[in-house]
Structure formats: structure tokens, C-alpha cells
2 protein chains.
Amino acid sequence: MSYDHKTALAPNMPLITSASELVGNYPKMAITVDCVIFGFEDNKLKVLLIRSDLQMYNDKWSLLGDVTLANEEFEDAAYRILKTRTGMTDVYLEQVRTFSQVARHPGGRVITVAYCSLLNIRHHQLKITDNELHWHSLSSLGDMAFDHQQIIDRCYNWLQKRIQEHPLGFNLLPEKFSLRELQNLYEAILNVELDRRNFRKKFFSMDFLEDTGEFEFDVKHRPGKLYQFNFAKYEKNKRKWIGIDF
Amino acid sequence: MSYDHKTALAPNMPLITSASELVGNYPKMAITVDCVIFGFEDNKLKVLLIRSDLQMYNDKWSLLGDVTLANEEFEDAAYRILKTRTGMTDVYLEQVRTFSQVARHPGGRVITVAYCSLLNIRHHQLKITDNELHWHSLSSLGDMAFDHQQIIDRCYNWLQKRIQEHPLGFNLLPEKFSLRELQNLYEAILNVELDRRNFRKKFFSMDFLEDTGEFEFDVKHRPGKLYQFNFAKYEKNKRKWIGIDF
DNA sequence: ACAAAAGTGTGTACTATTTACACAATGGCA
DNA sequence: TGCCATTGTGTAAATAGTACACACTTTTGT
């Protein structure tokens with residue numbers, strides 16, 4: 001393949017009058033979106049995977065991905081993929097990073113943009129489970145297709161950072177939750193043990209947990225109080241961070 | 001143009017045996033890399049821009065960008081662009097985000113991946129200045145071509161966060177610098193005023209500033225001590241962060 | 001009915017970190 | 001020599017983080 005496009009790098013070129021002609025001559029690549037969907041269940045962080053439908057990777061697991069369409073916003077593509085693969089809608093999605101290594105796909109150059117989504121496994125039943133779609137414990141992933149292990153690692157790092165600065169975790173819990181559930185979530189994601197009393201103190205001091213007056217009911221010990229997240233209070237009080245520290 | 005590609009979304013398809021055939025049928029898009037190069041001079045954060053060579057944007061400023069080549073790693077593309085446009089080498093570069101809005105380029109769909117670079121204006125003289133390449137004060141950018149204002153905004157936010165967690169700032173200073181220079185840098189980037197004594201205390205306590213025994217000499221007041229960054233000490237002591245706070 | 005098991009709910013003392021703040025010392029310049 | 005600008009330095013108070021123990025509530029088993 002030989003290109004004739006006028007590279008923008010040639011200095012002091014005459015002005016380009018036709019933008020479409022310029023772009024028409026650009027080399028083109030395939031671009032996919034991959035969704036890294038984290039969920040939380042049995043005190044474990046999980047990620048949603050399917051079996052790759054490429055024969056060479058058929059014994060490996062793969063993220064939910066698809067090619068992006070010519071006139072489709074990437075974010076829409078991510079939602080489409082989620083919907084088509086799992087039946088889920090109404091999720092929270094964020095772009096994390098683009099993976100572009102020349103050799104990352106065995107079929108040729110394919111760029112992928114990773115979108116990350118956190119959701120409550122109970123609230124988002126899988127309506128479609130083709131290709132063995134199911135939740136995998138993050139701590140025991142098998143071999144992954146493509147560079148998907150790397151993508152998951154990046155997204156997991158992103159998540160660990162993100163959850164310390166934004167109240168994302170509440171997306172992974174039922175609307176009403178006990179403080180223990182909240183703590184389990186943080187411990188699972190950050191992969192640390194936290195002091196129960198200090199954890200409570202911390203979250204109460206942030207002052208957006210609302211006592212529902214209700215209690216846990218299906219536990220085999222003293223039931224804990226159930227709280228809910230008060231979004232309005234959070235928005236009012238959220239701090240902006242200045243804390244140089246490295 | 002009509003595509004016949006087998007979308008990965010059709011459930012329970014037979015296994016795909018030819019990866020190349022699959023990818024060959026994917027829709028393709030043009031992808032560019034844009035470099036957001038921050039520098040620091042006269043106590044101001046600056047960004048390197050050129051005049052767009054698209055006629056319709058010729059009265060606007062533009063990031064340093066170019067199309068990525070078929071077999072080129074994006075990071076390499078970013079370095080190539082930097083080198084070709086400015087003559088600079090030996091810089092620090094990081095991918096920040098991908099901008100993919102359908103309508104972001106007037107000539108058709110063009111995806112761009114933003115790479116951010118921080119460098120010392122004095123140490124990296126511009127060897128090429130075609131297309132009116134020069135440093136613009138971040139606080140007084142004119143109209144920008146494409147969505148480049150948005151890209152800069154994102155990169156600036158990224159920088160503000162990043163510089164609080166990693167000692168990037170030292171890239172923007174001479175090898176030997178006074179604490180005042182360091183503080184000016186942080187104040188400029190974070191857009192706040194900091195207490196001089198507390199700022200010093202903070203950085204000394206991090207214990208990677210090395211007293212060079214030298215002093216400033218071209219200032220019209222009592223010269224300050226010059227320090228340098230001790231990379232090895234930093235690597236030894238850098239903390240890992242756990243601090244839920246939002 | 002009672003005891004044991006499991007986990008909730010609570011407070012305090014200690015330490016580290018952050019913040020606010022003022023005055024003496026140095027070199028340049030007129 | 002005196003004035004200006006800016007460096008260099010310490011301490012007290014407030015805030016945030018850490019470590020830690022005991023009484024209470026419910027379930028389960030006998």
C-alpha cells in the first residue's frame with residue numbers, strides 16, 4: 001500500500017483548502033472499543049468476559065469489544081456493545097486509555113479504546129450470555145486473548161485510583177447497604193485491610209451517608225444499619241484536592 | 001462504501017479462522033496524534049502551538065499533530081512529530097486521552113490521541129519554527145482549531161493532578177533550581193498561592209532535594225540556594241497512596 | 001431457656017500532618 | 001550607608017489518621 005497524502009509535517013506548505021481531500025488521503029486503521037466491566041459479588045471484584053470468537057484465541061477469555069462504526073461516537077459504541085452483549089443499559093462508562101501497539105491484534109493493525117464501567121451485579125442481570133459471557137473473579141483470570149490482560153490491569157489501576165477520589169463504589173452496591181458492605185468493597189478493590197472503626201469514622205465525617213432506619217435482614221448475626229448515598233449532599237461538600245504528595 | 005465485515009456482535013457465530021480477513025473487513029478511520037507540550041517560562045505555564053495549515057483554520061492555533069503511520073507505534077509518532085516540528089528530542093511523553101467525536105474534524109472522521117509532554121523551555125530550544133511555532137501563555141490562548149481547546153483543557157487537568165502525585169515539575173526547571181522557582185512552578189500549574197514556609201517544609205520532608213552548595217547569581221535580591229532532584233532517593237522513598245477522600 | 005458464635009456499634013489517646021503566621025539575614029542598588 | 005526585595009527559619013494550634021477493647025444484638029445449637 002502506498003500513500004500519497006500530504007503529510008502535515010512538511011513545513012511551510014501552501015495552505016490546504018480541502019479538508020476532506022486531506023483526510024481522504026490519510027492512512028486508515030481499524031478501531032475497536034473494549035469494555036472493561038467491573039462488578040462486585042461475594043466480596044470479590046469481578047470482571048465480565050466472554051470467550052473469544054477468534055479460533056486462535058478460543059481457549060482464552062476476552063473483553064466485550066467490537067469495531068466502531070463510521071459515524072458512531074465511541075462512547076455510544078461502548079454502550080451498544082454492552083447492550084448487545086449483555087442486555088444491560090443504564091450503566092456508568094468512562095474512557096480509560098487507548099491501546100495501539102502495532103502487534104496487539106493477530107489480524108492486522110487494530111487500535112482499541114478501553115471504556116470502563118462499574119456496576120452492581122444484582123441490579124444488572126445478564127440478559128444475554130452468548131459466548132459464555134460471565135463474571136470472572138479478578139484474582140483468578142485465566143489466559144486472556146490479545147492484550148486484554150494488559151487492558152484489564154490498566155483499568156484496574158485506574159479504578160483503584162478513581163475510587164479513592166470519587167464515590168464510584170456506590171455503583172457497585174445495592175441502593176441501601178451496610179457499612180460492612182461498603183468496607184468490603186473498598187477492601188476488595190484496594191486490596192488492603194482497613195480498620196472498621198476508622199473506616200466508619202471516615203465515611204460518617206464525609207457526611208453523605210443517610211441512615212435509612214432499616215436494617216439488614218438476611219444475615220446470621222446482629223443486623224447492621226442500612227445507609228444510602230445522598231448525592232445532593234455529596235455534590236455540595238465535595239472537596240477539591242490540593243495535596244502535593246509523592 | 002458498504003461493509004461486509006462479520007461483526008463480532010452476532011452471537012454464537014462459528015469461530016473465526018482468519019484474523020486478517022476479519023480485520024480486513026473492519027471499517028477504518030484516520031488516526032492522528034496530537035502533542036500537548038507544556039513548558040514553563042516567566043512564571044507562566046506555556047504550551048507550544050503552530051498555526052494550522054488548513055485554510056479554514058488559518059487564523060487559529062493548533063497543536064502539533066500528524067497522522068499516524070500504518071506500522072508506527074503512537075508513542076513513536078508523537079516523538080516523530082515533536083522532532084520534525086520542533087527539532088526537540090529527549091522529552092518525556094505520556095498518553096492522556098483519545099478524542100473521537102464524529103464531527104471534530106471538518107474533513108471527515110479523524111480520531112486523535114493526545115500525548116502530553118512537559119519540558120524545560122531553556123533546555124529545549126526550538127530548532128525549527130515553521131508555521132509560526134511558538135510558546136503561548138496558557139492563560140491567553142486565542143481561538144483554537146478543531147477541538148484543540150478541549151484537548152488542551154483535558155491535558156491541563158491531567159497535568160494538575162499528575163503533578164501532585166509525581167515529581168514531573170522538575171522537568172520544567174533547570175537542573176539546579178531554587179525553591180522559589182519550584183514554588184512558582186507549582187503555583188502556576190495549580191493556579192493557587194502557597195505558603196512559602198510550608199512549601200519548603202513539605203519538599204524538604206520528602207527528602208530528595210539535594211543542596212548543591214551553589215546559589216542563584218542573576219537575581220536582584222538575596223540569592224537563594226540551588227537544589228537538584230535526587231532521582232535515586234525519590235525512587236527509594238516514594239510512597240504508595242491509600243487515602244480515600246472525596 | 002440458655003450459652004456460644006458472629007459481627008455490629010461506639011470513644012479515646014496518640015501520632016502525624018497541615019495550617020497560620022513574623023522576624024532576622026543577605027545581597028543589590030542608589 | 002540605607003533601603004528594598006527576597007531568602008531562610010520555627011512554633012503553636014488545628015486537623016486528620018492510627019491503634020485499639022468492650023458492650024450489644026441477633027442467630028444457632030442444645
Side-chain angles (χ1 to χ4, degrees), chain A residues 42-43 163-165 167 173-174 176-188 190-228 237-246, chain B residues 42-43 163-165 167 173-174 176-188 190-228 237-246:
Chain A
D42 302 330
N43 291 343
I163 204 173
Q164 295 185 55
E165 295 173 5
L173 293 175
K176 298 172 181 180
F177 50 85
S178 69
L179 272 177
R180 166 52 62 180
E181 291 177 286
L182 188 62
Q183 185 176 339
N184 285 339
L185 173 65
Y186 275 85
E187 291 185 335
L190 298 178
N191 197 30
V192 290
E193 296 213 330
L194 300 168
D195 179 273
R196 189 162 54 95
R197 277 171 292 187
N198 294 336
F199 183 84
R200 292 169 154 265
K201 212 190 307 179
K202 182 87 196 169
F203 275 85
F204 285 137
S205 81
M206 292 194 273
D207 198 39
F208 47 64
L209 290 183
E210 218 158 54
D211 192 335
T212 62
E214 297 171 50
F215 289 83
E216 293 177 294
F217 51 92
D218 51 357
V219 291
K220 34 177 156 296
H221 55 76
R222 173 176 175 182
K225 279 190 186 174
L226 295 177
Y227 295 87
Q228 61 195 9
N237 303 337
K238 72 181 167 191
R239 65 186 277 185
K240 16 188 170 37
W241 251 99
I242 297 209
I244 301 160
D245 228 330
F246 36 83
Chain B
D42 302 330
N43 291 344
I163 204 173
Q164 295 187 53
E165 295 172 4
L173 293 175
K176 298 172 181 180
F177 49 85
S178 68
L179 272 176
R180 166 52 62 182
E181 289 176 287
L182 189 61
Q183 183 176 340
N184 285 340
L185 173 65
Y186 275 85
E187 291 186 336
L190 298 178
N191 198 28
V192 290
E193 297 213 329
L194 301 168
D195 180 274
R196 190 160 55 93
R197 277 170 293 187
N198 294 335
F199 183 84
R200 293 169 154 266
K201 211 189 308 177
K202 182 89 197 170
F203 275 85
F204 286 137
S205 80
M206 292 194 273
D207 197 40
F208 47 63
L209 290 183
E210 216 159 55
D211 192 334
T212 62
E214 298 172 49
F215 289 82
E216 293 178 293
F217 52 91
D218 51 355
V219 290
K220 36 176 157 298
H221 54 77
R222 173 176 174 183
K225 278 192 187 174
L226 294 177
Y227 295 88
Q228 60 195 8
N237 303 337
K238 71 181 167 191
R239 68 185 277 187
K240 3 185 180 38
W241 252 98
I242 298 209
I244 302 159
D245 229 329
F246 37 82

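Quick caveat: nothing in here was measured; it's all calculated off a predicted structure. Residue numbers start from 1 in every chain, and the chains themselves are labelled A, B, ... in the order their sequence lines are given, proteins ahead of strands.
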Looking at [atom1] of [X] and [atom2] of [Y], how far apart are the two atoms once the value is rounded to the nearest 0.5 Å?
| X | Y | atom1 | atom2 | value |
| --- | --- | --- | --- | --- |
| Leu179(A) | Arg200(A) | CG | CZ | 5.0 Å |
| Leu182(B) | Phe203(B) | CG | CZ | 4.5 Å |
| Leu185(A) | Ile163(A) | CG | CD1 | 5.0 Å |

Contacts table for residues 215-228 of chain B: side-chain donor-acceptor under 3.5 angstrom, sequence neighbours left out:
| unit_1 | atom_1 | unit_2 | atom_2 | d |
| --- | --- | --- | --- | --- |
| Glu216(B) | OE1 | Gly224(B) | N | 2.7 |
| Lys225(B) | NZ | Asp211(B) | OD2 | 3.1 |

Once side chain to side chain contact (heavy atoms under 4.5 Å, CB included) is applied, do any residues pair with [X], and if so which ones, sequence neighbours excluded?
| X | result |
| --- | --- |
| Pro167(B) | Phe246(A), Phe170(B), Phe229(B), Tyr234(B) |
| Asp195(A) | Arg197(A), Asn198(A) |
| Arg180(A) | Ser178(A), Gln183(A), Asn184(A), Glu187(A), Arg196(A) |

Using atom [atom1] of [X] as one end and atom [atom2] of [N] as the other, report the distance to the nearest whole Å.
| X | N | atom1 | atom2 | value |
| --- | --- | --- | --- | --- |
| Leu226(B) | dG8(D) | CG | C1' | 14 Å |
| Leu194(B) | dT19(C) | CG | P | 10 Å |
| Lys225(B) | dT7(D) | NZ | C1' | 11 Å |
| Asp218(B) | dG27(C) | CG | P | 15 Å |
| Leu179(B) | dT26(C) | CG | P | 18 Å |
| Asp195(A) | dT12(C) | CG | P | 16 Å |
| Gln183(A) | dG9(C) | CD | C1' | 13 Å |

How would nucleotides 22-30 of chain D be written as a contact map, 5' to 3', with B for base contact, S for sugar-phosphate-only contact and - for no contact, using protein heavy atoms under 4.0 Å? --BBBS---
Does anything in residues 197-211 of chain B come within less than 4.0 Å of DNA chain C? Heavy atoms only, and list the residues if so.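 Contacts with DNA chain C under 4.0 Å: Arg197(B), Asn198(B), Lys201(B), Lys202(B).
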